[in-house]
Amino acid sequence: MHEALMHGLIAFLRGRIIGKRGTMKRKRRSLKWSMLNTIITSWLLPIIVITLIISVFVEARLSEQMNRTVSTTMEKAAEICNLRLNDCITQSKEISYNSQLREIYQRWKETGNRADLYADISVLLEEKYKFNQDYLMTGLYFTEDPDTVYFTGNQSLRSSRNYFDKVSKKHILEEAESIDTRTVLVADGMHVYLVRNIMDRSFQPYAVLFMDLNRDRIFESLRAVWQYESFAVYSNDTLLAAAKEAEETMPSDLIQDGQVHVRNWNEVYISSDIADHPIVYIVKFDRNAVAEESRTPLVLFAMLLLFLIPLIIRMFRFFQKRVQEPVEELAAASQEIQNGKYGVV
C-alpha cells in the first residue's frame, strides 16, 4: 500500500512539472507573436487608418477642386470667345455707319468709273480690315452687281478667296437676301462667315459685307481649358468650328442656361448669346488625367506603407534580439534552477 501511494505521488509531481514546462514553452512561443500583435494594433494599424482617412478626404477635396478648375477655365474661355465675336460684329458695323462707303458708292453711280470704284473700295477695306488677325479675308459686293467682289485680307487671302469663289459664294448670296438688318454667322464647310447687309438711308440693302473668321484665333481660348483635348462650337444647332471631328448637328440634350455643365463624364459646355445668335461651346477634357491627379494621395499612402515595412522588420528584429532572446535565456536559466541545477560544481 505504501508503495502504491509513493508511485501515485511521483506520477502527480511528474505531471505538474511537465505541465509547467509546457506552459513555459507556450509562453516562449507566444512572446514573439505578442510583440508582433502589439506593434500592429498599437502602432501600425492606427497609422494606416489615420493615413487612409486623410488620403480619402484629400482625394475628395482634390477631385472637387479639379472639377471647379475645369468649370472656371471653361467659363473664362467662353467669355474671351464672346468678346472676340462681339468685337468682330462691332467692326462689321463700322463700315455701315461710316459715310465713306456711301460716298464712294454715290460717286460711282454718278461717274460710272469702275477703276476709281475698285481703288476706293480696296483702300477702304484695307484700312479697316486687312491687318485684323480675327479675319482671314473680308469681302464686299454691291447688290446690283454681286459678281464683282472686292477683297482684302492677310496672308490667308488667296486660299480663303479661292474657297469662297468655289464653295461659299452661292451660300453667302442666298443668306444675305434673307437677313435684312441682322448680322449672322454662316458656317460653310471649314469656314465661318460673318455676314451683314449695308443699308441706304431708306433701309434698303445696297451692299453686303462678309468676313471669313479666323476660327483658330477667335476660339483659341477654348484650348486653355484644364486638361483640354478638343472643342466644338455650335450656333443654331449647326457646327461652326471644331478642333477634331465632331457631330454636324448640336446634341439635343444640352441645357442652354448660360451655366457650365458637365456631360458624358469628360465634356464640359456652356451656352451664350451673341447678337441674337445662341452659341454653345463644348470642350472635351482628359478625365483620366484628372483621375490620376486625384489619386495622388492614395499613391503617397501606398508609398508610405512600403517605407513602413522595412521599419517594422527592423523593429521586430530589434525586439527579438534585445527582448525575446534574453527573456528566453532567463526563462531557461530559471527552469534549470527549478531542476536543482545551480551551476555549482
Side-chain angles (χ1 to χ4, degrees), residues 83-177 179-201 203-219 240-241 274-275 277:
L83 286 173
R84 287 182 173 173
L85 282 173
N86 280 319
D87 186 53
C88 291
I89 292 173
T90 300
Q91 292 185 52
S92 72
K93 293 178 180 179
E94 289 181 0
I95 200 169
S96 299
Y97 301 139
N98 191 318
S99 61
Q100 193 172 357
L101 177 63
R102 190 179 301 112
E103 292 172 357
I104 294 172
Y105 176 71
Q106 291 296 334
R107 189 161 53 248
W108 169 65
K109 295 291 289 181
E110 294 171 0
T111 63
N113 191 327
R114 286 190 172 273
D116 289 344
L117 176 65
Y118 177 82
D120 293 340
I121 294 295
S122 298
V123 170
L124 178 63
L125 292 178
E126 287 180 2
E127 287 179 352
K128 292 190 174 295
Y129 304 116
K130 181 175 182 177
F131 302 104
N132 193 318
Q133 297 300 313
D134 290 335
Y135 317 121
L136 300 176
M137 174 197 71
T138 301
L140 182 142
Y141 64 87
F142 294 104
T143 54
E144 61 188 81
D145 185 16
D147 292 330
T148 303
V149 183
Y150 306 90
F151 297 97
T152 191
N154 49 37
Q155 61 271 18
S156 302
L157 173 60
R158 177 174 297 179
S159 61
S160 183
R161 178 174 177 174
N162 288 338
Y163 189 88
F164 172 81
D165 289 335
K166 295 178 181 179
V167 180
S168 303
K169 184 175 182 179
K170 181 179 179 181
H171 193 181
I172 298 298
L173 293 175
E174 292 176 352
E175 194 71 29
E177 291 177 358
I179 62 176
D180 196 31
T181 59
R182 294 180 297 118
T183 302
V184 298
L185 292 170
V186 178
D188 194 350
M190 300 299 295
H191 292 254
V192 177
Y193 298 93
L194 187 69
V195 183
R196 67 176 292 110
N197 286 325
I198 301 176
M199 303 295 185
D200 59 20
R201 298 184 184 277
F203 292 98
Q204 295 297 317
Y206 71 94
V208 175
L209 178 73
F210 60 93
M211 301 163 167
D212 189 356
L213 300 183
N214 186 347
R215 300 182 305 170
D216 291 338
R217 173 175 168 78
I218 291 175
F219 302 123
L240 289 183
I274 305 296
H277 282 274

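Just so we're clear, the structure is a prediction, and the values are computed from it rather than from any experiment. Residue numbers count from 1 along this sequence.
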For this session: Report the C-alpha separation of His171 and Val186 in whole Å, then their side-chain angles, then the decisive distance to 0.1 Å, and conclude whether the side-chain contact (heavy atoms from CB on, under 4.5 Å) test is met.
Result: CA-CA 8 Å; His171 193 181; Val186 178; 3.5 Å; yes
For this session: Decide yes or no on side-chain contact (heavy atoms from CB on, under 4.5 Å) for Val149 and Phe210, but give the supporting numbers first.
Result: CA-CA 10 Å; Val149 183; Phe210 60 93; 3.7 Å; yes
Exercise. Would Ile95 and Tyr129 satisfy side-chain contact (heavy atoms from CB on, under 4.5 Å), going step by step from the backbone distance to the final call?
Worked result: CA-CA 10 Å; Ile95 200 169; Tyr129 304 116; 3.6 Å; yes
Exercise. Can Lys109 and Glu144 be said to form a side-chain contact (heavy atoms from CB on, under 4.5 Å), step by step?
Worked result: CA-CA 11 Å; Lys109 295 291 289 181; Glu144 61 188 81; 3.3 Å; yes
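Between the CG atom in Leu194 and the CD1 atom in Ile89 there is a gap of 5.5 Å [rounded to 0.5 Å]. Taken from NZ in Lys130 to CG in Leu124, the straight-line distance is 14.0 Å, to the nearest 0.5 Å. In this structure, Arg182 CZ and Glu175 CD are separated by 7.5 Å, a value rounded to the nearest 0.5 Å. Between the CG atom in Leu209 and the CG atom in Leu101 there is a gap of 9.0 Å [rounded to 0.5 Å]. Distance check, rounded to the nearest 0.5 Å: CE of Met211 to CG of Leu136 gives 12.5 Å. Put simply, CD on Glu126 and OG1 on Thr138 are 11.0 Å apart, with the number rounded to the nearest 0.5 Å.
Looking at every heavy atom in both residues, Met137 comes nearest to Leu157 through CG-CD1, 3.6 Å. Considering every non-hydrogen atom in both Thr143 and Ala207, the closest pair reads CG2-N, 3.9 Å. The nearest pair of heavy atoms linking Met199 to Arg102 is O-NH2, 4.2 Å. Listed here is the closest heavy atom pair of Asn197 and Ala176: ND2-O, 3.0 Å. Shown here for Lys128 and Gln91, the closest heavy-atom pair between the two residues is O-OE1, 4.3 Å. When every heavy atom of Leu213 is checked against every heavy atom of Cys88, the shortest pair comes out as CD2-SG, 4.1 Å.
Partners of Asp145 by side chain to side chain contact (heavy atoms under 4.5 Å, CB included), not counting sequence neighbours, listed by chain and number: Arg114, Asp147, Thr148. Scanning for side-chain hydrogen bond (donor to acceptor under 3.5 Å, both in side chains) contacts around Tyr141 gives an empty result, with sequence neighbours left out.
Looking at Asn154, its side chain does come within 3.5 Å of a backbone N or O of Tyr135 through a donor-acceptor pair. Between the side chain of Arg84 and the backbone N or O of Arg217 there is at least one donor-acceptor pair closer than 3.5 Å.
Contact annotation: the side chain of Thr111 never approaches that of Asp116 to less than 4.5 Å [non-hydrogen atoms, C-beta and beyond]. Side chains of Tyr150 and Asp120 form no contact here, defined as non-hydrogen atoms less than 4.5 Å apart. Taking 4.5 Å as the limit, every side-chain heavy atom of Trp108 sits out of range of all side-chain heavy atoms of Ile121.
Note on residues 157-168: pairs passing side chain to side chain donor-acceptor pair (under 3.5 Å), not counting sequence neighbours, are Ser160-Asp212, Ser168-Asp188, Ser168-Tyr193.
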